[in-house]
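Keep in mind the model is a prediction, meaning the values are calculated, not measured. Numbers restart at 1 for each chain; the letters A, B, ... are given by sequence-line order, proteins then strands.
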2 protein chains.
Amino acid sequence: MERLPGFRDFYPEPLPANEAWSCDLRQHIFARWRETARRYGFREYDGPPLEPLELYTNKSGAEIVSQLFNFQDKGGREVSLRPEMTPTVARMVATAERAYKKPVRWFSIPQLYRYEKQQKGRLREHFQLNCDLFGETDPAADAEVLALLVDSLRCLGLTAEDFVIRLSSRQAWQRFFEARGGDPARAYEFYQIIDKIERERDEVTAEKLRAVGIELADVQAFIAAGEPTPELAAVLANLAARGLRDFARVDYGVIRGLAYYTGIVFEAFDRKGEFRAIAGGGRYDNLVKLVSGGKVDLSALGFGMGDVVLAELLKARGLVPSFSGTVEIVVLVEEESLRDESIGIVQRLREDGRAVEFALVPTKGDKQFRRALELGARLTVRLQQSPAGVVAAIKSLADRSQREVALGDVVAACRP
Amino acid sequence: MERLPGFRDFYPEPLPANEAWSCDLRQHIFARWRETARRYGFREYDGPPLEPLELYTNKSGAEIVSQLFNFQDKGGREVSLRPEMTPTVARMVATAERAYKKPVRWFSIPQLYRYEKQQKGRLREHFQLNCDLFGETDPAADAEVLALLVDSLRCLGLTAEDFVIRLSSRQAWQRFFEARGGDPARAYEFYQIIDKIERERDEVTAEKLRAVGIELADVQAFIAAGEPTPELAAVLANLAARGLRDFARVDYGVIRGLAYYTGIVFEAFDRKGEFRAIAGGGRYDNLVKLVSGGKVDLSALGFGMGDVVLAELLKARGLVPSFSGTVEIVVLVEEESLRDESIGIVQRLREDGRAVEFALVPTKGDKQFRRALELGARLTVRLQQSPAGVVAAIKSLADRSQREVALGDVVAACRP
């Protein structure tokens, strides 16, 4: 029996042939993300993987709705596996915002789902770091979130030579569109054209733009000028104060496809342009109000960073650490008469925090020792009879040096 | 808009009114579980939350199949949200077992789903620690897994006074049934009666037992005698060698409902009997073969421990730690002319590993200081002009002591 197409199994390393996804690498990324969010004072939350369908329809923009992994549950409810976390966090913060001091700084690492036509290598699920800040409209909040994005990549070894954040602004594009007499009711249609500009042939884009009354050359000149809005200028100055100016540049070629963005938007890319976007986000000051039926009005911004492109990038840049050596100590049982005492030592070592393996059943001594080497263990511990009673021989596998200690001293002698 | 019934939101502490589930507590439990699994040399894996429906039908036993959260996807596939992890891990290990040395020691912390009629307080999802060991038939493997179960509870502060593992054996019940002339084709029906014996009135049980040719008094006497099988005796001796004998007792009142168990089975309960089972598991030596269509034959055993009963038990025993004080330092910005330099200090402290907050926009000094107290911060850092230039005043919030240091010394001075 096989897993469903578009879903992943995550195996422990060393990976089996034909399996691409390492649970060790995944947990390494998650641990670094959590540690970075902690340094920024962001607190973890989570919501249900399954939500009412209506949480997504008409809120997220056409593209995501057409790819929803939705169905009717046994109680007749229209439900959907979550395609993104933003509507969930907007729902949660709208419900409970009175319990929290503003600004609210939250993060989560949800698994997200989409159902699109199966293509080679396209997945139907991924994990995503989501960081959001609620209750502050000042661009200082945008800079805080962008700094967190930078450090969520730097914590994995990536540098300003590896990635850059392309900063843009829905407001800049809104003003552009309005200044040229664009119909406000068609603004979102216009944004969608800009969103596809880099993936579409110029003739196609030009025709679509003409339909909303805009010239392609005008759009291209606006992008080329890249004149920062006052909000973007404030964000860049703030990043400069943090020493992070090199990680961002104004680039109006980015606008983001989702409908709910209202202000600054951004995407992170690898500098070599080999991969799809690493992360993306922006301001969505109206979504909490929309999701709460007008009851709660709370400004918001955030970003999502997926695990798939990131893992590809880390592999391409040689930034995946080795995951061997998770077992520190192998207790060798060469004398079956000493098995019970050996098991007692295993237990005491584990209680002291050591990662310990041992042969569960009688096994040849050299096979046990080879296993210790394969595991990349630091030490072996072997009980043996001596004239003075049972003692422990502790061997360092780095230099093969060995020493004998009394049973009561084994735990202390095995600490790193 | 509200979340779906039976699903949980996990909020950061302090919890809002009407919300019961703390993401901080959840992550505390997960972190302790991971650390304990590491000490036992267990490696993390994960599989898809959605699996082909046929992975569960006819493998898990009637009870779980009737509660599947299943549906047809847009491609016409019959699929199910995973109700348990064992069929997934059996599928994964069957696919890739040649890549791993035996015994294979794996763990995972999946979210699991069931669709049952909505009752007050009954959830449709929970998280579960799953630990499994493949490729070893000796009871020493059962003891290793049971020791891991004990330590997965002890790592949260629970002791032998709080919980006990009730150890039983499918083989013991099989021999009992066969010795009394039971029809082997009805053995699973008999196990199901035993599984419900503690929740059912005696008259009902007696009638059901008579239908399979067994007397209730005979069953009651067998449970009361609690004579360990040779396998159970070996497990108890092994636990004794680890100093864990007090955590387990033979109790044939447990048999487990799932169809796939073949050997030793067990459940962990709180000693006061206030809660449902904390954890359960056993040996399932035939499931890998069944799931792999006969291609791979690998003995197996493991357990699952859910987060819901465990969280209730930890709360009842006063074992939930405080989750305040995650922010270590608040940088106070009292002079707006020093904002940029203050932001630079924030960044350097975070790069050194400190958890730091600051007021993103101009805020009254006393309000900033109150916020530091609310957050349970350890230190405040405030830049100020001095005759020698800008210096940092570092205040300890424990004793309100304060000292001034040069800007270049702030990072070192703020380390714990």
Max heavy-atom pairs within cutoff under 4.5 Å with chain A, candidates A241(B), C155(B), P103(B), goes to A241(B)
Per-residue tally against chain B (heavy atom, under 4.5 Å) across W106(A), Y100(A), F7(A) peaks at Y100(A)
Only residue of R242(B), R154(B), R39(B) satisfying side-chain hydrogen bond (donor to acceptor under 3.5 Å, both in side chains) with E351(A) is R154(B)
When the 4.5 angstrom heavy-atom criterion is applied to L244(B) and chain A, the contacting part is side chain
Most contact-rich option vs chain A, by heavy-atom pairs under 4.5 angstrom, among G353(B), A141(B), A237(B), is G353(B)
Whatever's closer than 4.5 Å to a heavy atom in chain B on L81(A) counts as side chain
Whatever's closer than 4.5 Å to a heavy atom in chain B on V327(A) counts as side chain
So the side-chain hydrogen bond (donor to acceptor under 3.5 Å, both in side chains) pairs with at least one residue in residues 42-53 of chain B (sequence neighbours excluded) are D24(A)-R43(B), R26(A)-D46(B), R34(B)-E44(B), D46(B)-R82(B), E51(B)-T88(B), E51(B)-R91(B)
Count the heavy atoms of every other residue, nucleotide or ligand shown that sit under 6.0 Å from CD of E2(A), and state whether that count exceeds 12. no
To the nearest 0.5 Å, atom CD of Q111(A) lies from atom CD of Q111(B) at 9.5 Å
From the list G243(B), A147(B), A17(B), G75(B), the residue making the most non-hydrogen contacts under 4.5 Å with chain A is G75(B)
Is any side-chain heavy atom of Q67(B) closer than 4.5 Å to one of K74(A)?
no
If one checks every heavy atom of E13(B) against chain A at 4.5 Å, the contacting part turns out to be both
Ranking E144(A), E136(A), R354(A) by heavy-atom pairs under 4.5 Å to chain B gives rank one to E144(A)
Whatever's closer than 4.5 Å to a heavy atom in chain A on L349(B) counts as neither
Taking the side chain as C-beta and beyond, is there a heavy-atom pair between L4(B) and V79(A) under 4.5 Å? yes
So Y11(A) and T95(B), side chain to side chain contact (heavy atoms under 4.5 Å, CB included) or not? Walk me through it. CA-CA 11 Å; Y11(A) 280 96; T95(B) 303; 3.7 Å; yes
One option among A99(A), P52(A), G344(A), G41(A) has the most heavy-atom pairs under 4.5 Å with chain B, and it is P52(A)
Greatest number of non-hydrogen atom pairs under 4.5 angstrom with chain A, of V356(B), D352(B), D138(B), V346(B), falls to V356(B)
Exercise. Any side-chain heavy atom of R77(A) sitting closer than 4.5 Å to one from P5(B)?
Worked result: yes
Looking only at P12(B), A355(B), A31(B), most heavy-atom pairs under 4.5 Å shared with chain A are made by P12(B)
Taken to the nearest 0.5 Å, the spacing of K102(B) NZ from L360(A) CG works out to 14.0 Å
Checked Q347(B), Q27(B), R350(B) vs chain A; the most non-hydrogen pairs under 4.5 Å come from R350(B)
Taken to the nearest 0.5 Å, the spacing of K101(B) NZ from R371(A) CZ works out to 6.5 Å
In terms of heavy-atom pairs under 4.5 Å with chain B, the winner among N18(A), L15(A), T326(A) is T326(A)
* **Over 12 non-hydrogen atoms of neighbours within 6.0 angstrom of CD in Q72(B)** => yes
Bottom line for L375(B): the part with an atom under 4.5 Å from chain A's heavy atoms is neither
Looking only at E357(A), R38(A), M92(A), the option with the highest number of non-hydrogen pairs under 4.5 Å against chain B is M92(A)
Honestly, the part of E341(B) sitting under 4.5 Å from a heavy atom of chain A is neither
Bottom line for R3(B): the part with an atom under 4.5 Å from chain A's heavy atoms is both
Cut-off 4.5 Å, heavy atoms of chain B, and the answer for R8(A) is backbone
Ranking F323(A), F71(A), Y113(A) by heavy-atom pairs under 4.5 Å to chain B gives rank one to F71(A)
